[in-house]
Asker: 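Let me begin by handing over the structure; questions about it come next.
Proteins get letters first, then strands, A, B, ... in listed order; numbering begins at 1 in each.
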Amino acid sequence: MRKQCLALSWGSSFAELETCSGWVRAYTAQLPAHQLLKNTIASDADLTEARVSMSVTRRILGTRLGNSVAQIVTEGFEHWVLLRQEAEPGHFDLAPNRREPLANPENLFGIKERIAADGRVLTPLKIEDLEKIAATLKSRQIERVCLNFLNSHRNPEHQRAAQKFLQEQGFQVFSRARSETSADELSAWRRNLLDASLASFFAKTFEDFTEVAPQMSFEFLDTEKGFVPVNALSTSGLLFGREKSLQTQIPFLYFGSEEWGWVMPEDQNLWRSPWGAVELTAPVHGFFHAQPGLELILNPTGQIRWGDNTGMDPGPVLWGRSSRLTVLDFLGWHFETKPALRRSEKSEAKSRDLFESLKKNSRDWRSHSFETAHQEIFDTMISTILTDLSVRLNSDTFAVGGVMAPHIIPALKKAKPKCSFQMLNDADNFHETKNFWGPNA
Amino acid sequence: MLKGLTRETYDHFLSSCLKPWESAALMTAGGETLSLRYETLSDVGTLPQAGRVALQYLKVGPGDLVVLNDPFSGGNLLSNLTLIYGMEHECGGLVLVVRTGFRARLNLGERLDEEGLRIPPTPLAQKGEWMEPLLQALVTHPQAPFGCEARLRQLFAQMRSLSQRLSPPTRDWKPYLNECRQETLGFLSDIPHGETKVEQRLAGGELLRLNLEVTGEHVNFDFSGTSPSKKIGLTDSAVQGACFGALVAYFHQNLGINESSLSISHVSAPLGSWLNSKYPTPTFRGMTEGVHRVAHLVWQALTDLASQAAVAPSPSSPTWLSLQFEDGSMFFDSLPGGVGAHAKSGGASALHLWVRSPIVNSIEQIESKFPLRILQAGPRKGSGGDGASRGGDGMIKTYELLKPAHLQWIQSTGDAKGFRGGEAGQSSLLKIEGADKAQVLKAEVGALDLAAGTKIEVLTAGGGGYGPGKQS
């Protein structure tokens, strides 16, 4: 890597940073990514170019997005995206509901305009209608506006005119330039709304980065465009940057300390989001049912079962993070996440004490030693991983990486002797930032 | 009792097997259902029935494939094909039942055969090899669904590939099923024991009568007294699905559906009644509207017994419409009504209650494929019943015909009543506006020839309100 280059992979709980001087991983709850960046730059004045991938944007998908985003939609279809949002729960229920919509329904405006399926103008767009809406938006202090017009992929004339007008009025306008092969208005409109909804989070993030590193030029990994400067990316393109950075020529299996999943060599053009299909090109990827952050709980009959997946929030007892046992409290004895988290005597003792308490109250583990329990958990994880590999991934050859990969791969090889698992870890670890600057950088 | 982590392995295997499909079941070669994934109410009862029929009459073995759509053999709509495949390799001894849907057609015939091509249980492959003459006879039939051959080949390859890669965690599923039964009985204990009678009359005069009895071990659904009908027919397996689907909704849990959980429900649908009809009774209306009505009646009965679980009624069915054009193309749409409110919140607007993964017709796709223009699609504001919690609104969708078409429809008539002082939701309506006349269609079922330029406005029903509103 050239001496002026820096690569940063910012995940949900960990961040990795690499320069020609070395590589470091940080636990972001203890050392935020922009602070990690600041510390690195402080010790290396040569660094001027940074490439960043982010999957942290996914975490905010669970929050209320787009509260201050306005939508201007072809009149008659203002609520169409909301009506087509999938119901929760996924089974029969007499009180189903929809998740919070992507944008605030109170900031929803219909406008008289209509393009036919063949691109003809049926109802022309009138600027005076836009003027009225703009006045209302200003009175509500709304700055971001999404334009969602029917058949704009056949004739973008109205959308472009509206965009021009609103930009001249000082609004940040999100108007998706759809291709001829754009699947449908629903996935395109959701994409537009997602771009607008994530924009403020990203703007704040970029502000933090440039504040600590004003001399650096930043490029971000957009799954549709590769590494691009800020003004060229779309915020939804950041969602799966990490998966993009992990994509190889064969299916890649990832066994990290926070999550286990896979990334396929091919891309998908529609992402099945919590709100429905979104037009977004990203690697085909998924997560194993078995996850290191799965809690171990006792059900009323004394069975040990899996509970929620807590990831690293707060994290395993073994690393001094929480008071509830997870799978990682058993498997984590086999490795360290250098140098982000370390075990201590105190946390190790606490982990064992919690095991003893769980064991005493359970029917399944009453006579188990810690090692027997560990083996049972490990065997269960392997069994479910194998099921997922069989059902979800139609392949016999895999690349594998991640801090827990050396521990898991031997069991997978034993169960699937005809499959090939090629370890990508180097002596120390698996570096997600390895290829950010290409092999010849 | 199984160890908890062993149970996790079994649960995961059984749910994962069916992930590639929206409607599917995994069964043992002995005909026991191990897991089931459903899209519609009828799937819950008919998928296992299809598997059992194929196993009993065609002795499905490893590598064998049977197809059917006959509702009287475990099918539901004739536009849905059900494939039954004897799994191979380490999965030998298991049977996969997968349902795949083709373009739905709204059929209002007098006989089942008028609804489309009826396929009785038919072997298509043996030990992994296609029986080509039988396959070609099916796919070249004039009424065979478009793209049928490619879909069948693709699905068979998919099922075989899965069978090759999977390793079941056990060969003995009895302990698992025993444990599931205990869990289901646990859920059952949430319903107060007792008995109640409810009935409903359909717009065509058909009577639907239910005597519901809940004991510690079973839920008995006795439909004695239900009348016959020549126009609307169901099968007993579809009724089983509707009853169990309503129970799942009551339990408010993602209840695993298998032999054990299904065994707590006993359905008695009298032969000759419209719930247990015989060939050649048409079944399209039964499999769409009929199962919804059964589920709603079951829910009404459950609410009688367990008033704390009360939810105001929802419309008894969505509005279905089809438009057949002169070039032979047929457009089909299914528009949901609003959902009934409950004590804690209002009902959702325009949501399919009894269909998972419903058809999502994109406006742009419709307009590019059919001579149609959609003028509006949104909530029918104010159509939900007033109340302390408001019923969900139905929806409005307006179509403009660019060419002449033959319209057929099924809509829910009668209001979704309010509950405990809440107001009823508005009924569904179809408004037709042609060049020289306008009319409002209130009939439950009908057909009409329409000229180019005609506008069709569909207003679906609102859900019932719960509790007295502010004005009361």
Asker: Between chain A and each of B:P20, B:P379, B:G392, count heavy-atom pairs under 4.5 Å; write down the option with the most.
Answerer: B:P379
Asker: Under 3.5 Å, is there a donor-acceptor pair between the A:Q303 and B:E8 side chains?
Answerer: no
Asker: Do you know which of B:I366, B:V248, B:T398, B:L255 has the most heavy-atom pairs with chain A at a distance under 4.5 angstrom?
Answerer: B:V248
Asker: Name the option with the most non-hydrogen atom pairs under 4.5 Å to chain A; the candidates are B:V339, B:L375, B:V44.
Answerer: B:L375
Asker: Would you mind reporting whether B:L353 and A:P96 have side-chain heavy atoms less than 4.5 Å apart?
Answerer: yes
Asker: Do A:H91 and B:F251 touch side chain to side chain, with heavy atoms closer than 4.5 Å?
Answerer: no
Asker: When you look at B:K397 and A:W80, which way does the side chain to side chain contact (heavy atoms under 4.5 Å, CB included) test go after all the steps?
Answerer: CA-CA 10 Å; B:K397 200 165 179 184; A:W80 181 232; 4.1 Å; yes
Asker: Side chain from CB out, backbone as N, CA, C, O: work out which of these in A:L294 comes under 4.5 Å of a heavy atom of chain B, or both, or neither.
Answerer: neither
Asker: Which distance, rounded to the nearest 0.5 Å, do you find between the OG1 of A:T301 and the CD of B:E179?
Answerer: 7.0 Å
Asker: Look up atom CG in A:N97 and atom OG in B:S345, then write down how far apart they are to the nearest 0.5 Å.
Answerer: 5.5 Å
Asker: Would you mind telling me which of B:I396, B:T6, B:L41 has the largest number of heavy-atom pairs within less than 4.5 Å of chain A?
Answerer: B:L41
Asker: Relative to chain A, which segment of B:Q158 carries a heavy atom at a distance below 4.5 Å: side chain, backbone, both, or neither?
Answerer: neither
Asker: Heavy-atom distance under 4.5 Å to chain A: side chain of B:S16, backbone, both or neither?
Answerer: both
Asker: Within the side chain of B:Y250, is there an N or O that forms a donor-acceptor pair under 3.5 Å with the backbone of A:L94?
Answerer: no
Asker: Please round to the nearest 0.5 Å and tell me the distance separating atom CG of A:L386 and atom OG of B:S167.
Answerer: 7.5 Å
Asker: Name the member of B:M1, B:H342, B:K19, B:K344 that forms the most heavy-atom pairs with chain A at distances under 4.5 Å.
Answerer: B:M1
Asker: Name the member of B:A348, B:S362, B:G378 that forms the most heavy-atom pairs with chain A at distances under 4.5 Å.
Answerer: B:S362
Asker: Using non-hydrogen atoms only, which part of B:K369 is less than 4.5 Å away from chain A: side chain, backbone, both, or neither?
Answerer: neither
Asker: Under 4.0 Å between a side-chain nitrogen and a carboxylate oxygen: does that hold for A:R305 and B:D11?
Answerer: yes
Asker: Is any side-chain heavy atom of A:T384 closer than 4.5 Å to one of B:F13?
Answerer: no
Asker: Would you mind checking which part of B:I363 comes under 4.5 Å of any heavy atom in chain A, side chain (CB onward), backbone (N, CA, C, O), both or neither?
Answerer: both
Asker: After noting the C-alpha distance and the side-chain angles of B:K3 and A:I304, does the key distance pass the side chain to side chain contact (heavy atoms under 4.5 Å, CB included) rule?
Answerer: CA-CA 7 Å; B:K3 279 190 167 181; A:I304 303 283; over 6 Å; no
Asker: Let me know if B:Y38 has heavy atoms under 4.5 Å from chain A in its side chain, its backbone, both or neither.
Answerer: side chain
Asker: Counting neighbours of CD on A:E266 that are heavy atoms of other residues, nucleotides or ligands and sit closer than 6.0 Å, is the number greater than 12?
Answerer: yes
Asker: Hey, could you give me the OG1/CD1 distance between B:T9 and A:I382, rounded to the nearest 0.5 Å?
Answerer: 11.5 Å
Asker: Looking only at heavy atoms and a cut-off of under 4.5 Å, which of A:N299, A:D388, A:D396 has the most pairs with chain B?
Answerer: A:D388
Asker: Among A:L389, A:L296, A:L122, which residue has the highest count of heavy-atom pairs closer than 4.5 Å to chain B?
Answerer: A:L122
Asker: Hey, is the main chain of B:G4 close enough, under 3.5 Å, to the side chain of A:D364 for a donor-acceptor pair?
Answerer: yes
Asker: Go through the atoms of A:S152 and report whether side chain, backbone, both or neither lie under 4.5 Å from a heavy atom of chain B.
Answerer: backbone
Asker: So do A:W306 and B:L5 actually touch side chain to side chain, heavy atoms under 4.5 Å?
Answerer: yes
Asker: Please flag which part of A:D118 lies under 4.5 Å from any non-hydrogen atom of chain B: side chain, backbone, both or neither.
Answerer: neither
Asker: If only atom types and distance count, is the side chain of A:R98 paired as donor or acceptor with the main-chain N or O of B:S349 below 3.5 Å?
Answerer: yes
Asker: Are any non-hydrogen side-chain atoms of B:M395 and A:H79 less than 4.5 angstrom apart?
Answerer: no
Asker: Kindly give the heavy-atom pair with the smallest separation between B:R165 and A:N394, and that separation in Å.
Answerer: NH1-OD1, 3.0 Å
Asker: Quick one: sort the A:H289 and B:H12 rings into parallel, tilted or perpendicular, breaks at 30° and 60°.
Answerer: parallel
Asker: Counting only non-hydrogen atoms closer than 4.5 Å, can you tell me which residues of residues 365-376 of chain A sit against chain B?
Answerer: A:W365, A:H368, A:E376
Asker: Apply the test salt bridge (Lys or Arg N to Asp or Glu O under 4.0 Å) to residues B:E400 and A:R114: give CA-CA distance (whole Å), side-chain angles for both, the deciding distance (0.1 Å), then the verdict.
Answerer: CA-CA 14 Å; B:E400 182 181 6; A:R114 190 63 153 92; over 6 Å; no
Asker: Who among A:N151, A:T74, A:L298, A:L186 has the most heavy-atom pairs with chain B under 4.5 Å?
Answerer: A:N151
Asker: Checking B:T40 against chain A: side chain, backbone, both or neither under 4.5 Å from a heavy atom?
Answerer: backbone
Asker: Does a side-chain heavy-atom distance below 4.5 Å link B:L162 with A:S390?
Answerer: no
Asker: Is it the case that more than 12 heavy atoms not belonging to B:K403 sit under 6.0 Å from its NZ atom?
Answerer: no
Asker: I'd like to know if B:E364 and A:R178 make a salt bridge, using a cut-off of under 4.0 Å between side-chain N and carboxylate O.
Answerer: yes
